[in-house]
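Data first, discussion second: the structure below is written as structure tokens.
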There are 2 protein chains.
Amino acid sequence: MNQRQTVDERGGAGRPGKNGDGAERHEEIHRSISDAIIEHRLRPGARLREDALAEVFGISRTGIRKILQRLALEQLVTLTPRRGASVTRPTADEAKDVFDARQMVECGLIPEIARRITDDDLHELRDMARRERQALKSGEQSTAIRLSADFHARLARIAGNATLADFVERLCSRSSLILAVYGNPGHLGCESHDHDDLIVYLEAGNGERAQAFMGRHLKAIEASLSIVEEEAEAPDLHRIFSD
Amino acid sequence: MNQRQTVDERGGAGRPGKNGDGAERHEEIHRSISDAIIEHRLRPGARLREDALAEVFGISRTGIRKILQRLALEQLVTLTPRRGASVTRPTADEAKDVFDARQMVECGLIPEIARRITDDDLHELRDMARRERQALKSGEQSTAIRLSADFHARLARIAGNATLADFVERLCSRSSLILAVYGNPGHLGCESHDHDDLIVYLEAGNGERAQAFMGRHLKAIEASLSIVEEEAEAPDLHRIFSD
DNA sequence: TGCGCGATCATTGTATACATATCGGCGGCC
DNA sequence: GGCCGCCGATATGTATACAATGATCGCGCA
């Protein structure tokens with residue numbers, strides 16, 4: 001970029017046009033696909049054909065490829081050379097890594113969050129928790145799952161560290177995938193009242209209890225998974241037929 | 001240009017196994033650019049024109065764009081719509097975020113690292129630290145900077161959590177950029193003997209001391225920066241001429 | 001002589017065409 | 001009758017062509 005140089009003195013504030021309209025479109029498509037994955041409307045393993053996506057969203061394959069690559073770097077889709085894209089199917093190891101990482105980062109952020117949280121934050125968090133409960137009650141699992149991930153991401157952002165907040169957001173997205181593969185139907189992710197309890201601790205300024213609670217909360221989610229190595233691909237024939 | 005004038009005989013069975021070379025080639029180019037940025041051979045703000053890169057590496061702009069996008073997601077380059085790519089110039093806020101994140105994650109990983117570290121790991125780390133010292137002594141700053149980042153990344157990987165290790169690796173890359181902008185010449189990043197000291201603590205199985213040392217180590221790097229908001233873009237004329 | 005304005009150019013954004021690799025089916029051969 | 005190998009279909013990887021946009025620079029006018 002240009003560090004010095006004229007800043008285009010004409011008007012300064014007057015951005016002529018929404019110069020990024022194409023980019024915004026891409027952003028929108030990215031969100032569409034991302035949401036569909038997080039909400040389990042696209043299950044792990046589902047193939048994402050470029051042609052089909054291009055037709056659905058009305059752009060050419062070039063743009064789709066760009067979006068798929070971004071999704072791949074976010075580890076929501078897997079790009080197999082010459083085979084195309086599919087929704088990532090997290091392994092058991094990855095699941096463990098993700099939850100360990102969440103344990104470290106989300107708990108580590110709580111003290112700073114407790115220090116900086118404002119009334120507006122509390123209000124918004126309560127609203128998100130309420131909508132999540134409501135979605136759960138009315139059986140909209142997809143919405144509830146996304147709202148749960150949103151809650152954790154929004155919470156992390158309060159700490160004021162954009163880098164860590166982005167990281168947590170991605171971890172939450174991946175957690176959604178993990179729930180889709182290893183979660184038990186009926187018992188999805190966060191307990192319905194956990195988030196509300198967490199808000200109470202934060203509102204009381206009790207960072208330590210909030211931190212401990214977040215730790216238990218994440219452990220509870222992880223414990224609710226049935227992590228069994230599916231071994232669907234490349235079964236070990238030697239081991240199976242060794243005797 | 002480099003049109004492959006291969007025969008159109010698509011049934012030709014005798015294709016030499018160049019199946020994955022394209023992807024590997026891209027990986028290689030990514031590494032090349034990434035290293036150049038981390039080693040400060042490409043300074044923050046440097047423009048990266050697609051045509052030029054395409055010509056240098058002998059592929060078309062399509063491949064270059066893919067790589068630039070990946071670098072953008074890693075926050076090593078900044079993609080400005082309609083303006084192209086340039087090496088990211090981290091802001092002071094970003095610098096603080098990155099070092100806070102490193103403090104949390106790298107220190108948080110130390111206990112597990114101390115638990116799992118093997119003799120092979122120690123050997124390799126010692127070798128990296130030695131090469132880093134050597135590079136410093138012989139004035140090869142670029143190499144030293146990269147080796148320092150590699151050391152931290154390699155250390156993090158010992159903990160066995162790929163997700164967190166990848167995160168640390170990216171944080172270290174960004175730290176290199178931060179050093180390029182805010183670092184004082186002559187005093188670059190890690191002290192020459194710090195890494196060796198850390199190895200000693202780890203070898204002794206003294207996780208607590210290692211953890212404390214890592215904390216001081218990172219704080220020292222951060223403290224050595226002259227983080228002054230450059231304010232290069234959009235200087236606040238009102239403030240400057242207010243009196 | 002300085003400034004506004006318009007044309008040209010350079011560079012990116014997007015789409016499309018072509019080459020290539022993989023997958024599934026089918027026929028021949030053993 | 002079953003297995004191996006060929007072949008077409010499908011989808012991806014890559015390059016190139018075209019379009020759009022912002023920057024640069026020269027020119028005319030006050």
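Letters A, B, ... are given to chains in the order of the sequence lines, protein chains preceding strands, and every chain is numbered from 1.
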Query raised in the report: Once you round it to whole Å, what is the distance between C1' of C/dT14 and CZ of A/Arg25?
Result: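 It works out to 14 Å between those atoms.
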
**Report entry** Within residues 53-69 of chain A: residues closer than 4.0 Å to DNA chain C (heavy atoms)
**Finding:**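 DNA chain C contact set from residues 53-69 of chain A: A/Ser60, A/Thr62, A/Lys66.
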
Which residues pass the side-chain hydrogen bond (donor to acceptor under 3.5 Å, both in side chains) test with [X], not counting sequence neighbours?
X        : answer
B/Glu28  : none
B/Glu112 : B/Arg115, B/Arg116
A/Asp51  : none
A/Thr80  : none

**Report entry** Selection residues 173-183 of chain A - residue pairs positive for salt bridge (Lys or Arg N to Asp or Glu O under 4.0 Å), sequence neighbours left out
**Finding:**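 Of all non-adjacent pairs touching residues 173-183 of chain A, none passes salt bridge (Lys or Arg N to Asp or Glu O under 4.0 Å).
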
Query raised in the report: With sequence neighbours excluded, what pairs up with B/Phe151 under the ring pair (Phe, Tyr, Trp, His ring centres under 6.0 Å) test?
Result: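 If we apply the ring pair (Phe, Tyr, Trp, His ring centres under 6.0 Å) test to B/Phe151, skipping adjacent residues, the hits are B/His195.
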
Query - B/Phe99: ring pair (Phe, Tyr, Trp, His ring centres under 6.0 Å) partners, not counting sequence neighbours - result: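 Here no residue qualifies.
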
Report task. Flag the pair B/Glu74 and B/Arg170 as a salt bridge only when some basic side-chain nitrogen lies within less than 4.0 angstrom of an acidic carboxylate oxygen. Result ->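 No.
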
Contact list (N/O, under 3.5 angstrom) for nucleotides 7-11 of chain C vs protein:
residue : atom : partner : partner atom : Å
C/dT11  : OP1  : B/Arg49 : NE           : 3.4

